Amino acid sequence: MTKEELKIQLKEQIISYLNLMDVTPEDFADDTEFFGSELGLDSIDSLELVVLLEREYSIKIENPAEGRKVLVDINHMADYILEKGKV
Amino acid sequence: MKVVASYIVSPQETHIDDVENKEIELRNCSTNSLEVIEPSWRDYIPMNQLRRMGKAVRIGTGAGLKLIKKHPKFENSDAIILTTSNGGLEDCIKFLKQIVFFGEGALTPTNFVQSTPNAIAGNIAMATSNQAYNMTHVNGSFSFADGLRDAGFFINDQPEAKILLGSVEEISDYNYRINELRGDYKTEKINSLDLISSNTKGTICGEGAAFFGLSNNEDGIEIIDAATLLSAEPNQIKKFINGFLSENKIEPKEIDTLMLGYNGDVSNREMYDYAKDALIPESNVFTFKELFGEHPSVISMGFWYATMLQKGMSPYREPLRDANKKIDTVLIFNQYNRNENSLVLIKK
């Protein structure tokens with residue numbers, strides 16, 4: 001899977017996990033920040049994203065500081081997944 | 001204690017504004033499952049909360065907040081009381097499945113948070129910054145009568161109180177299949193509006209949310225009493241109904257209208273027939289489950305329908321018996337599971 005394919009898959013998974021109504025993968029850019037942007041995600045969503053990484057990519061985030069670095073936008077998440085060699 | 005405001009979402013178009021003065025086209029569903037008609041909740045529930053809500057939480061929270069928007073005096077209610085049998089069962093089952101599937105690891109918070117029955121009253125309280133008494137009754141089909149009594153106790157202690165009382169139930173795959181397996185639903189498909197005249201076993205299911213604003217100090221429909229009995233024994237049920245009327249010092253002939261929970265199950269008519277033909281044979285008789293389906297909280301919808309008729313709304317359907325009497329004193333009698341009996345007495 002290429003990085004671009006991974007990003008599209010991630011967007012689809014985020015929309016599904018967070019039940020983002022009326023949002024399509026095309027509606028948010030790779031660098032749209034998850035928190036504090038028009039996506040309007042909050043702390044409960046950050047837990048859902050942690051669960052998504054564990055279920056879909058077998059990546060456990062146990063250190064909150066690490067989570068803050070990864071759960072920034074699609075680019076950061078995709079880089080982290082590739083770095084861990086999980087695709 | 002009086003009903004001074006109400007709002008209901010149901011399988012019929014009851015969510016429209018000024019519902020008591022408008023005609024609605026009745027749904028005649030042939031799937032044996034009457035699903036709720038939902039309005040858009042976007043003006044009432046923030047989007048980031050709405051997307052997390054399962055159906056029961058969504059219709060419950062939405063209906064409660066919509067009543068408050070229509071009747072702002074209930075924004076600072078002195079009590080929020082919610083009644084349900086199952087709450088958000090669909091989310092609850094999702095969460096339990098996750099526990100099994102993921103070995104108690106990697107569990108998402110949303111399904112758990114949204115599946116607890118008290119999420120509904122909690123959401124309404126948070127949305128309105130209301131820190132008053134907040135109670136959820138989860139006691140099968142007795143929940144609504146329990147909620148009415150709780151409200152009655154509360155208003156006895158605080159006569160100036162304003163109370164928001166709600167009732168919610170959803171159809172989930174889980175409860176539908178369990179109830180279907182135990183023979184609750186008809187095996188043949190029928191038109192829902194023909195439910196009451198059906199001559200086969202089983203019923204059809206429904207869902208919805210009904211909210212009421214209660215107060216002592218305004219004009220409205222007076223709630224005289226509510227009672228419950230767990231028994232399938234006909235003599236005990238007859239004694240229960242007669243005792244209820246005696247305790248409230250009312251003669252059967254003073255009841256001008258019966259609102260009965262006939263559910264189209266040919267094996268579940270005996271007690272309704274007793275009330276209609278033996279105990280109170282000269283009253284108007286209305287039914288409501290052909291409109292709303294059967295579910296543990298459907299008595300709240302029969303209650304809503306009765307209060308609307310008392311206020312002068314035209315009946316949605318011809319009564320089962322038209323005694324040509326004014327609709328002032330109404331006895332609502334409902335059974336669920338053949339052994340959960342609820343009575344509510346209301347007066348104009």
Side-chain angles (χ1 to χ4, degrees), chain A residues 6 9-29 32-64 66-68 70-74 77 80-81 84-87, chain B residues 36-62 65 88-116 118-120 122-127 129 170 172-173:
Chain A
L6 173 61
Q9 178 176 283
L10 262 176
K11 287 180 184 178
E12 287 167 350
Q13 288 167 337
I14 288 171
I15 289 167
S16 168
Y17 269 70
L18 307 186
N19 193 24
L20 297 174
M21 297 145 96
D22 301 334
V23 176
T24 65
E26 295 74 35
D27 288 341
F28 60 105
T32 300
E33 292 190 359
F34 294 148
F35 306 100
S37 70
E38 68 268 23
L39 279 179
L41 306 192
D42 58 22
S43 57
I44 294 177
D45 294 313
S46 70
L47 290 170
E48 297 280 358
L49 293 176
V50 169
V51 170
L52 184 160
L53 283 173
E54 188 172 341
R55 285 189 189 169
E56 304 293 339
Y57 300 98
S58 304
I59 296 172
K60 271 193 176 184
I61 294 184
E62 288 169 323
N63 181 350
E66 191 180 8
R68 278 195 289 275
V70 177
L71 305 177
V72 176
D73 57 24
I74 291 291
M77 272 185 91
Y80 186 70
I81 292 166
K84 293 283 180 182
K86 296 292 186 179
V87 285
Chain B
V36 66
I37 301 172
E38 289 187 72
S40 168
W41 300 119
R42 290 181 183 208
D43 291 339
Y44 306 95
I45 306 173
M47 275 305 288
N48 65 340
Q49 292 175 30
L50 192 57
R51 66 183 162 83
R52 295 195 181 109
M53 293 178 173
K55 192 192 282 180
V57 176
R58 187 172 68 238
I59 61 177
T61 306
L65 292 176
L89 198 58
E90 193 77 42
D91 269 351
C92 184
I93 298 300
K94 273 186 202 165
F95 184 69
L96 292 175
K97 281 181 178 168
Q98 286 174 18
I99 290 176
V100 175
F101 192 76
F102 295 104
E104 299 187 23
L107 299 175
T108 64
T110 304
N111 292 141
F112 173 68
V113 171
Q114 297 296 333
S115 68
T116 55
N118 57 6
I120 299 165
N123 278 331
I124 295 170
M126 283 193 289
S129 303
E170 72 175 9
S172 70
D173 282 348

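Chain naming here is simple, since letters A, B, ... match the order of the sequence lines and numbering starts at 1 in each. Hydrogens, waters and symmetry mates are skipped; everything else that's a heavy atom, side chains included, is used. The model shown is predicted, which means the values in this text are computed figures rather than measured ones.
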Go through the atoms of A/Leu52 and report whether side chain, backbone, both or neither lie under 4.5 Å from a heavy atom of chain B. neither

Chain B against chain A: donor-acceptor pairs under 3.5 Å:
from: A/Leu18; atom 1: O; to: B/Arg51; atom 2: NH1; distance (Å): 2.9
from: A/Asn19; atom 1: ND2; to: B/Arg51; atom 2: O; distance (Å): 2.6
from: A/Asp22; atom 1: OD2; to: B/Arg42; atom 2: NH1; distance (Å): 3.1
from: A/Asp22; atom 1: OD2; to: B/Arg42; atom 2: NH2; distance (Å): 2.5
from: A/Asp42; atom 1: OD1; to: B/Arg52; atom 2: NH2; distance (Å): 2.4
from: A/Asp42; atom 1: OD2; to: B/Arg52; atom 2: NH1; distance (Å): 3.4
from: A/Asp42; atom 1: OD2; to: B/Arg52; atom 2: NH2; distance (Å): 3.1
from: A/Asp45; atom 1: OD1; to: B/Arg51; atom 2: NH1; distance (Å): 3.1
from: A/Asp45; atom 1: OD1; to: B/Arg51; atom 2: NH2; distance (Å): 3.4
from: A/Asp45; atom 1: OD1; to: B/Arg52; atom 2: NH2; distance (Å): 3.1
from: A/Asp45; atom 1: OD2; to: B/Arg51; atom 2: NH2; distance (Å): 2.7
from: A/Asp45; atom 1: OD2; to: B/Arg52; atom 2: NH2; distance (Å): 2.9
from: A/Glu48; atom 1: OE2; to: B/Thr110; atom 2: N; distance (Å): 3.4
from: A/Glu48; atom 1: OE2; to: B/Thr110; atom 2: OG1; distance (Å): 2.3
from: A/Arg55; atom 1: NE; to: B/Ala106; atom 2: O; distance (Å): 3.1
from: A/Arg55; atom 1: NH2; to: B/Gln98; atom 2: OE1; distance (Å): 3.1
from: A/Arg55; atom 1: NH2; to: B/Ala106; atom 2: O; distance (Å): 2.8

For B/Phe101, does the CZ atom sit with more than 12 other heavy atoms under 6.0 Å from it, leaving out its own atoms?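 No, not enclosed.
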
What residue in A/Leu39, A/Val50, A/Val51, A/Leu41 has the most heavy-atom pairs under 4.5 Å with chain B?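 Option with the greatest count: A/Val51.
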
